[in-house]
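Structure, as structure tokens:
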Number of protein chains: 2
Amino acid sequence: MGAKSITIKDIARELNISTSTVSRALRDSSEIGAETKKRVLELAHRLDYNPNPVALSLLNSQSNDIGVIVPEIANPFFAIVIAGIEDVAFAQGYHVVIYQSHEDYEREVLNVKHIYNRRKDGLLVSIATTTTDYSHFKHIHDRGFPIVFFDRICEEIDTHKVSVDDFDGAYTATEHLINQGCERIAHVSGPDHLLISRRRLHGYRAALLDYGKPISDDWVVASAYSPDSALEATRVLLARADRPDGIFASSDNIAIGCHAAITEAGLSMPNEIALIGFSDLPMAALMNPPLSSVAQPAFEMGRSAAELLINLIRNPGEHTTSISNVLKTKLIARKSSLRLIE
Amino acid sequence: MGAKSITIKDIARELNISTSTVSRALRDSSEIGAETKKRVLELAHRLDYNPNPVALSLLNSQSNDIGVIVPEIANPFFAIVIAGIEDVAFAQGYHVVIYQSHEDYEREVLNVKHIYNRRKDGLLVSIATTTTDYSHFKHIHDRGFPIVFFDRICEEIDTHKVSVDDFDGAYTATEHLINQGCERIAHVSGPDHLLISRRRLHGYRAALLDYGKPISDDWVVASAYSPDSALEATRVLLARADRPDGIFASSDNIAIGCHAAITEAGLSMPNEIALIGFSDLPMAALMNPPLSSVAQPAFEMGRSAAELLINLIRNPGEHTTSISNVLKTKLIARKSSLRLIE
DNA sequence: CTGAAAGCGCTAACAG
DNA sequence: CTGTTAGCGCTTTCAG
């Protein structure tokens, strides 16, 4: 198993002093003689002593780790959020441990257990699409474990949350399609039970209503947040007699599927049909035609969530009201929807 | 800090037996009476008892966690490799803890320390581009800590490695450009000190040599493995009097930069200039024109690396020769390079 | 079949 | 200023 790592005991023996003295010297306690302190520090350095974090963790029931659960790290949106989280956490001396639920409820439950049992100091989470029961979160939240939700938040639990203004972003996207002259605007939505899906759907409906455009359930098709699923859904949409001339997709991943279906059907973007997504992932600009989208401040979302969590960790018990930080989105118009020169 | 979690001590007290008996009953030891065993198990279940993994970890100096260090999870190639790793690890009862070096040497050193100190059971790593000193790996490897390198491997350390046949993949890509009628073939390479960069460069050179095509250092420009860096490099290349009519990019991320530069210069792909990348990331097919590439079996690479590592963990000391698993690549020809109908 | 005791590495009262 | 003791939660000899 390899050479044993050295402990304060080794240092104590070598120096003929007690382990507590070594411990105190290492932590630069004021009640240790300058001379002793120096000798300890020197030997520790020479021996390349490293405190055993596991022992610390057992002692304090804390780890300086914060757990993050996302559906998929392969999704660039989440990768960027994580970068934001790490940015703050690292600066505050926390290490970020990443977990993937793979959109699977069972896996999410396992991850939560792992995080709780391993004495992580807190949890940042964006819930899986298959999750409809929140008792695993409730369970640890009731025991005082710090949780902050981001993006795919859970309304049922009273704690801090960070999200974007999905309604507003969706409204703006739909409005944009209307401004470009679209008359029959469809929506490929995300899974129903996800709050972000519903909010985006509502924003879409509200814009149509405000502008007196036709609204119909036939124009709204549900899809998972994946290109494959969206491809299928869009095919159905395009096969209709009253084919839409504009599509607002609930995410860029969905928009990729729409994009493929439109290309496959031989329709021209944006003239025969205009398309806009949500998130503005890096690849949006690389598509052909480049995909319009609603940009989300992913990095900022990660930063904010991490800040709120660390606050919760450091000031436990302070039963102030839970904060819901709602970030602004930004419309990015590209060729997939730009019919007019603005 | 919330309700204390319950321990074997609680169970012991409740049942008026000793903790050791509880411990044994829980582990289904053969030397415990069926009756006692039943009562313990029942109470444990009723109380929702969970063993404290931190205590176990302190006791055994192991954690059932394996650490993985990648440059960036936002890179889909690594995200897929990780999925492969998780696939194997999860089935074997290990949890995968993901670390990012962000291509930063200092960060990589920190990650390695964390993994070693936290008593992770092993390390899977693809090294950062800025890493030129391998002593942090050497240090823990010398102490018997199990390490397996994948993709960006480190030759200096004698342990298992998983990579693809970079030379062969590069040769095939270059050969493909030659077959498509390219005469002046350039290469946008990755950082020099990365083995994969050098191997791909050599494959490129070998193909040109074999087919009697012109070879020149002017045709080879170095770039970081990022679109931005490649964009700059390609601009220089395209500004040359003897502009190339084919480019082999050392990775898809580099190819994205080449793609942008070519489009920016108003050149047509593949007729005026053909382009091929390396990795076949999902986005390659979505570009316009779709990007040709050399597919790497990323998932398989993850699986293989995890298997080798778990083997190393479970059979320590067995000083058999280190295995180098070299996986095959596959040419994926798309419109960015296909001039002829094959 | 079961209990008492020691110990993983470290810190924090409690004595000197 | 420094040492002794106890304990975080668990397993594992060693004694019954």
Side-chain angles (χ1 to χ4, degrees), chain A residues 1-41 43-44 47-64 113-114 116-121, chain B residues 1-41 43-44 47-65 113-114 116-121 143:
Chain A
M1 241 328 124
K4 279 199 29 56
S5 17
I6 75 122
T7 72
I8 53 171
K9 224 165 163 176
D10 300 319
I11 301 184
R13 190 174 347 92
E14 186 90 9
L15 260 36
N16 266 312
I17 55 180
S18 79
T19 57
S20 20
T21 305
V22 176
S23 171
R24 282 188 274 247
L26 254 17
R27 332 199 79 242
D28 198 31
S29 159
S30 59
E31 45 180 358
I32 295 289
E35 172 60 15
T36 320
K37 207 178 272 186
K38 204 177 125 231
R39 292 177 59 215
V40 170
L41 255 28
L43 183 58
L47 259 38
D48 187 31
Y49 166 78
N50 281 297
N52 182 336
V54 181
L56 270 294
S57 194
L58 181 59
L59 207 53
N60 314 318
S61 292
Q62 60 153 55
S63 58
N64 279 321
K113 276 212 178 104
H114 197 271
Y116 183 69
N117 286 333
R118 293 303 240 267
R119 306 298 189 272
K120 304 303 179 204
D121 294 355
Chain B
M1 239 326 126
K4 278 203 25 60
S5 19
I6 74 122
T7 72
I8 52 171
K9 223 166 164 177
D10 301 317
I11 301 184
R13 191 175 345 93
E14 185 90 8
L15 260 34
N16 264 312
I17 56 179
S18 79
T19 57
S20 15
T21 304
V22 176
S23 170
R24 280 189 275 246
L26 255 16
R27 331 199 82 241
D28 199 30
S29 159
S30 59
E31 45 179 358
I32 295 290
E35 171 61 15
T36 321
K37 205 180 273 185
K38 205 178 122 234
R39 293 176 59 216
V40 170
L41 254 29
L43 183 60
L47 261 38
D48 186 32
Y49 166 78
N50 282 294
N52 183 335
V54 180
L56 270 295
S57 194
L58 181 58
L59 209 53
N60 315 319
S61 292
Q62 58 154 52
S63 58
N64 279 319
D65 284 344
K113 275 213 177 104
H114 196 272
Y116 183 72
N117 287 333
R118 292 305 241 264
R119 306 299 190 267
K120 304 302 178 203
D121 294 355
R143 282 168 170 62

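Protein chains get the first letters and strands the later ones, always in sequence-line order, with residue 1 at the start of each.
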Legend entry - Interatomic distance where CG belongs to A/Leu26 and C1' belongs to C/dC10 [whole Å]: 11 Å
Inset, instruction - Check the distance between D/dT11's P and B/Asn60's CG and give it to me in whole angstrom. - result: 8 Å
Inset, instruction - Specify the residue among B/Asn16 and B/Arg119 whose closest nucleotide of DNA chain C lies further upstream toward the 5′ end. - result: B/Asn16
Inset, instruction - Over all heavy atoms of both residues, which pair between A/Ile32 and A/Ala25 is shortest? Give the atoms and the distance, please. - result: CG1-N, 4.1 Å
Inset, instruction - Write down the distance between CG (A/Asp10) and P (C/dC8), rounded to a whole number of angstrom. - result: 11 Å
Legend entry - Which atom of A/Leu26 lies closest to which atom of A/Tyr49, heavy atoms considered: CD2-CE2, 3.7 Å
Legend entry - Upstream residue (5' side of DNA chain C) when B/Ile17 and B/Leu58 are each assigned their closest nucleotide: B/Ile17
Inset, instruction - Verify, without hydrogens or angle tests, whether A/Asn117 (side chain) and A/His114 (backbone) share a donor-acceptor contact under 3.5 angstrom. - result: no
Legend entry - Minimum heavy-atom distance A/Arg119-B/Ser5, with the two atoms named: NH2-OG, 3.4 Å
Legend entry - Side chain of B/Asn52 (C-beta onward), nearest among C/dT11, D/dT11, D/dG9: D/dG9
Legend entry - B/Thr21 side chain near C/dT2 phosphate (N/O to OP1/OP2, under 4.0 Å): no
Inset, instruction - Would you indicate what B/Thr36 reaches in the nucleic acid, counting non-hydrogen atoms under 4.0 angstrom: base, sugar-phosphate, or nothing? - result: sugar-phosphate
Legend entry - Among C/dC8, C/dT2, C/dT11, the nucleotide that comes nearest once only the side chain of A/Arg27 is considered: C/dT11
Legend entry - Short side-chain N/O contact to C/dG9 OP1/OP2 from A/Tyr49, under 4.0 Å: no
Inset, instruction - Rounded off to whole Å, could you give me the CZ-to-C1' distance for the A/Arg118 and D/dC10 pair? - result: 14 Å
Legend entry - Test: B/Asp65 and B/Arg118 ion pair at under 4.0 Å: no
Inset, instruction - For A/Leu59 and D/dG9, give me the distance from atom CG to atom P, rounded to whole Å. - result: 10 Å
Legend entry - Among D/dC10, D/dG3, C/dC10, the nucleotide that comes nearest once only the side chain of B/Ala55 is considered: D/dC10
Legend entry - Any donor-acceptor pair under 3.5 Å from A/Asn52 side chain to A/Val54 backbone: yes
Inset, instruction - Can you check whether any acceptor in the base of D/dG3 is under 3.5 Å from a donor in the side chain of A/Arg24, or vice versa? - result: yes
Legend entry - Under 4.0 angstrom between A/Lys9 side-chain N/O and C/dG7 OP1 or OP2: no
Inset, instruction - Tell me what A/Leu56 touches on the nucleic acid: a base, only sugar-phosphate, or nothing, going by heavy atoms under 4.0 Å. - result: sugar-phosphate
Legend entry - Earlier contact from the 5' end, DNA chain D, for A/Thr19 and B/Ile8: A/Thr19
Inset, instruction - Could you tell me the separation between the CZ atom of B/Arg13 and the P atom of C/dG3, rounded to a whole number of Å? - result: 15 Å
Legend entry - Euclidean distance, atom CD1 of residue A/Ile32 to atom P of D/dC1 [Å, nearest integer]: 9 Å
Inset, instruction - Look at the side-chain N and O atoms of A/Ser20 and state whether any lies under 4.0 Å from the OP1 or OP2 oxygen of D/dT2. - result: no
Inset, instruction - Look at A/Thr7 and C/dC8 and indicate whether a side-chain polar atom (N or O) is within less than 4.0 Å of OP1 or OP2. - result: no
Inset, instruction - Write down the distance between CG (A/Asn117) and C1' (D/dC10), rounded to a whole number of angstrom. - result: 14 Å
